[in-house]
Amino acid sequence: MSNTVEVETSDGKIFRINREIAAKIPQIDENICFGNARVPVPFVDSMCFEQIVIWLTYHKDDPPFDEETQTKPTPQMHVFSEWDANFLKKDHDFLQELGNAAEFLGIAAMVDCIVKHFVNGIKKRQLDELLDRYISGEN
């Protein structure tokens with residue numbers, strides 16, 4: 001059995017990723033179990049998928065994600081590791097797309113990370129800024 005898995009993104013790019021990383025993506029792991037030689041991910045483009053692989057590779061040794069203990073809201077700002085803080089320095093729209101891709105692929109820990117980043121951004125803003133941005137339609 002090969003140590004890599006081929007994944008084809010929505011824009012037709014083929015990625016060969018380590019089977020250990022592929023196993024952390026439920027949508028792909030399920031297809032591997034069915035013996036698919038190339039796993040399509042029709043709703044994820046190559047730019048997002050590349051970032052997902054980078055994030056998963058960095059977090060490959062993290063303990064399994066537990067939604068019950070990880071997603072409890074707190075009034076405090078979430079503190080990210082230096083690596084995660086740098087990773088999250090991306091355009092707002094791209095991060096939203098990345099979060100949607102992670103959700104589609106079933107990567108709850110990554111979705112949680114991105115959501116916490118967005119929540120931190122909201123907590124830092126004044127009410128007037130939030131109203132202007134989200135109610136008035138400014139981007």
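Any value given below was found using the heavy atoms of this structure, including those in side chains, with hydrogens, waters and symmetry copies removed.
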So, using side-chain contact (heavy atoms from CB on, under 4.5 Å) as the criterion, who are the partners of [X] when residues are at least two apart?
X: H59; value: W55, D62, W83, D84
X: A22; value: V5, I17, I28, I32
X: E8; value: I14, R38
X: S10; value: D45

Distance-minimising heavy-atom pair for [X] and [Y]:
X: I52; Y: A101; result: CD1-CB, 3.8 Å
X: F49; Y: T9; result: CB-CG2, 3.6 Å
X: F94; Y: C48; result: CE1-SG, 3.8 Å
X: D93; Y: D91; result: N-OD2, 3.1 Å
X: F118; Y: Q96; result: CZ-N, 3.8 Å
X: L105; Y: P26; result: O-CD, 3.3 Å

Side chain to side chain donor-acceptor pair (under 3.5 Å) contacts in which one or both residues fall within residues 97-110, not counting sequence neighbours: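 Side chain to side chain donor-acceptor pair (under 3.5 Å) check on residues 97-110 returns no pairs.
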
Can you confirm whether [X] sits close enough to [Y] that some side-chain heavy atom of one is under 4.5 Å from a side-chain heavy atom of the other?
X: Q51; Y: I54; value: yes
X: M110; Y: F87; value: yes
X: I107; Y: K24; value: no

Restricting to side-chain hydrogen bond (donor to acceptor under 3.5 Å, both in side chains), what partner residues turn up for N86, sequence neighbours left out?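 Testing N86 for side-chain hydrogen bond (donor to acceptor under 3.5 Å, both in side chains), a comparison that skips the adjacent residues, returns K89.
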
Any chance you could measure D112, atom CG, to F65, atom CZ, to the nearest 0.5 Å?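 Going from the CG atom of D112 to the CZ atom of F65 covers 3.5 Å.
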
